[in-house]
Amino acid sequence: FAAPHTRLTIRCPYLNGGMAAMLDVAVAVAAGAANCEALWEQDIWWQVRLGEEVMAGHFPSTEEWSYTAVGRPFHNHWWLASVILSAIYHLGGVFGLTLSRGGMAAVIVWLLCQLRPKSSLRWPIAALGFAITQHRIQVRPESLCFALFVLLFLLARRLGERRAADASLSRVWWPREVLAMYACVALSANLHFGVVPWVLFGALMLLADGVFDAAPTSLKVPLLGLMVDMACVCRALPAVVAVCLSPQPLPGVHYILHHAPGNMNVHEDSKNPEHQPLMKDLGDAFSNQGSSSSTGGRWLALYLVLSVIAPIIWAFTPAKRRPHGLRHPLIVLGGHGVLLALSFDRSRNLVYSAYLALAMLGASSDGGTAGKEESKKQSKHRRSATAKTQDSSVATVVRTCIALLVSAALIFLTSHAPELGVMSTHNWPVRSTAFVNEARPKGNVFHGPTSGGWLAYWLHRDYPVMTDTRQYCFAHFDEEYQKTQNDNRWLLEWNLKYNVSTMILKIPMYHQIDADWVISPADPLVNDLGWARVFFDHFSEVMVKRMPEHHDLISKHEIKILDPAKPPDFYARLIYGKKANEAFEQRLRAEVKSCMARPHPEWYCQLVEICLNVGGGAQASTMSKALETLDGIPCSLLARTERNLVRSYTESLKVHLRKQLGLPVAVNRCGVTQS
């Protein structure tokens with residue numbers, strides 16, 4: 001019943017502002033879901049404890065948790081973030097913390113989508129930013145500051161739009177967008193003072209972008225042959241003052257200097273893997289030796305490509321079409337060079353450099369209200385061009401679909417299924433801590449720095465920790481601690497100095513003596529130096545000093561033979577190679593049985609039991625049952641709960657059983673090196 005000359009038109013969803021906003025949210029939610037990984041951050045537990053103390057009204061000024069630094073000055077540079085993380089944990093538990101990681105990623109990606117409005121390129125740009133920086137969007141205070149850093153560019157764009165629509169606004173020195181930038185700086189100083197230089201740098205760069213403009217309303221002062229706009233200078237200076245709106249600004253400056261470029265890798269043997277130079281991290285990633293901070297070679301390489309291409313595209317873009325706040329070559333290219341250099345010094349810094357590069361690819365929307373008026377004038381003409389609208393709409397739909405597909409590929413290419421409410425415990429002494437809490441051995445506890453965060457929260461408060469990852473608090477004994485890692489004599493002296501009679505040690509790497517014999521670095525402790533192994537879990541072993549107070553504990557729990565540092569098949573080779581007597585075998589099997597009878601049996605003990613059962617000419621049915629047990633453990637579970645060496649033991653045992661059964665050897669599906 002249509003009129004004779006009426007033509008069917010196709011309206012592009014993208015032309016609908018509401019649909020575009022929904023797609024922004026969809027891309028952000030997809031990135032958030034991709035970032036909901038299992039909780040693994042080493043720092044999270046001492047941050048939760050710190051937040052609990054602040055919420056209880058206690059704002060410590062001296063170190064109170066440790067026995068090695070007690071009474072030394074302590075400065076809470078993360079007080080606001082620790083309160084937020086602690087509140088999330090108490091409201092939602094581990095589920096809430098893992099969800100918060102996804103939420104932070106979603107917010108950042110949504111903000112990145114706004115860098116290039118009215119363009120389907122906004123989604124691939126945002127997805128690219130997520131792919132490059134996903135490894136740093138963690139449950140940490142600095143992740144909140146990432147969002148503030150991106151927000152600065154949007155505030156600058158909004159200010160530029162308002163000035164383009166209202167010329168009188170250029171005479172206002174401190175419009176609300178500038179005040180919001182100050183707020184971002186002050187907020188970051190309270191979330192994590194250590195990263196406030198990045199947010200401050202971004203704010204100063206954006207506020208100083210017009211310092212050399214020739215606007216007639218500006219207050220000009222000659223300086224070094226250039227006319228400097230003092231209005232821009234006056235707008236930028238309060239951002240520096242905003243840094244001081246934190247409880248302890250002067251100690252915060254000392255904290256920043258402690259983490260200054262070049263200061264974190266003085267000792268080769270004490271390097272923090274998260275503070276590696278970019279090129280070393282890139283080399284490790286390509287050699288499959290990357291740390292937890294590595295995004296993988298292709299994403300680090302992609303960042304390098306982006307850091308080169310973005311300024312080139314920006315330089316060839318007409319000044320009027322460049323993003324507001326990012327228009328002057330001296331300011332923008334200089335700032336990009338500084339952030340790039342800092343990223344080469346430490347790869348974790350590439351987040352800010354990458355976000356600046358993406359902001360340089362943003363677009364201006366000059367015109368403001370004037371642009372809207374022009375749009376109204378043209379709307380009548382657009383409605384009359386029905387055929388052209390149809391063709392344009394189809395092309396726009398195609399571009400939008402392609403952009404969304406590229407975005408999805410970038411987001412999900414290296415991501416995993418969401419793991420809400422899951423903890424990755426492979427680097428935490430979970431059950432060893434529970435054992436110490438229950439057995440209550442005497443004296444202080446020796447442990448490694450990376451375990452300190454977990455122990456600070458989960459170890460009974462009667463036990464002060466030795467150290468944790470608050471590096472500047474414990475810098476005074478770094479060298480002394482390193483000596484304990486290489487010489488048992490130094491370890492014993494340390495224990496005497498600090499009244500240590502219990503140790504939670506990371507399970508060491510064994511040393512191969514010959515084809516049939518291996519030793520553990522812990523052997524001298526239990527054989528000659530008066531210590532007894534009483535427990536071990538997937539990551540650590542508990543040793544107590546042989547003294548009268550520990551007599552009952554040692555009698556009940558001592559593990560004399562089963563050593564988690566040694567390969568599981570080591571014991572089978574001793575027994576079936578007739579190199580161990582009957583008493584040795586009986587004791588070993590009793591210790592394995594005791595380990596398997598725990599509420600949480602250790603996978604290492606399961607491997608030892610399998611090796612004992614399938615050795616010495618076992619029947620095919622026994623080997624088939626063992627292989628079925630091994631194949632029934634998901635790789636994702638092993639990756640979250642076991643150290644890499646145990647995962648490689650598992651894969652090697654699978655290969656051995658398949659060969660014995662005449663089955664095809666499966667490809668290593670757990671992605672670990674076979675031992």
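Counting heavy atoms from C-beta on, the side chains of E419 and R640 come closer than 4.5 Å. For the pair Y355/L152, no side-chain contact is recorded, criterion being any heavy-atom separation below 4.5 Å from C-beta on. Contact annotation: the side chain of P323 never approaches that of F153 to less than 4.5 Å [non-hydrogen atoms, C-beta and beyond]. Considering only heavy atoms from C-beta on, L278 comes within 4.5 Å of Y303 through its side chain. Inter-residue side-chain proximity for F201 and Y352 is flagged as unmet; no heavy-atom pair is nearer than 4.5 Å. Contact of the T98 side chain with the V139 side chain is not registered, since no non-hydrogen atoms from C-beta on lie closer than 4.5 Å. Taking 4.5 Å as the limit, every side-chain heavy atom of L50 sits out of range of all side-chain heavy atoms of L85. The shortest side-chain heavy-atom distance between R158 and Q114 does not fall under the 4.5 Å cut-off.
Checked by atom type and distance alone, the side chain of H336 pairs as donor or acceptor with a backbone atom of S307 at under 3.5 Å. R322 contributes a side-chain N or O that, together with a main-chain N or O of W314, makes up a donor-acceptor pair within less than 3.5 Å. Side chain of D345 to backbone of A341: no donor-acceptor contact under 3.5 angstrom is found. Under a 3.5 Å cut-off, the side chain of R140 and the backbone N or O of E41 do not form any donor-acceptor pair. D209 places no side-chain N or O within donor-acceptor distance of the main-chain N or O of V332, the cut-off being under 3.5 Å. Between the side chain of H75 and the backbone N or O of H77, no donor-acceptor pair lies under 3.5 Å.
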Inset, instruction - Carefully, step by step, assess L155 and C184 under the rule side-chain contact (heavy atoms from CB on, under 4.5 Å). - result: CA-CA 10 Å; L155 291 171; C184 288; 4.2 Å; yes
Inset, instruction - Check the pair L339 / N349 against side-chain contact (heavy atoms from CB on, under 4.5 Å), numbers first and verdict last. - result: CA-CA 8 Å; L339 295 184; N349 295 339; over 6 Å; no
Inset, instruction - Start with the C-alpha distance between L206 and L326, add both sets of side-chain angles, then the distance that settles side-chain contact (heavy atoms from CB on, under 4.5 Å), and finish with yes or no. - result: CA-CA 7 Å; L206 293 168; L326 296 174; 3.8 Å; yes
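Counting all heavy atoms, side chain and backbone alike, L191 lies closest to P141 at O-CB, 3.5 Å. Considering every non-hydrogen atom in both R101 and C36, the closest pair reads NH1-C, 4.4 Å.
Summarising the geometry, atom OG belonging to S120 is positioned 10.5 Å from atom CG belonging to L23; distances are rounded to the nearest 0.5 Å. Remark: L112 CG to L154 CG distance equals 8.5 Å, nearest 0.5 Å. Residue I411 holds its CD1 atom at 11.0 Å from CG of L413, rounded to the nearest 0.5 Å. Note that CG of L159 and CZ of R157 are 12.0 Å apart. Values are rounded to the nearest 0.5 Å. Distance check: L350 CG to R348 CZ gives 11.0 Å after rounding to the nearest 0.5 Å. Atom CD1 of residue I84 and atom CG of residue L80 lie 4.5 Å apart, to the nearest 0.5 angstrom.
Residues D24 and W123 bring a donor and an acceptor atom of their side chains to less than 3.5 Å of each other.
Y89 has its ring centre less than 6.0 Å from the ring centre of W45.
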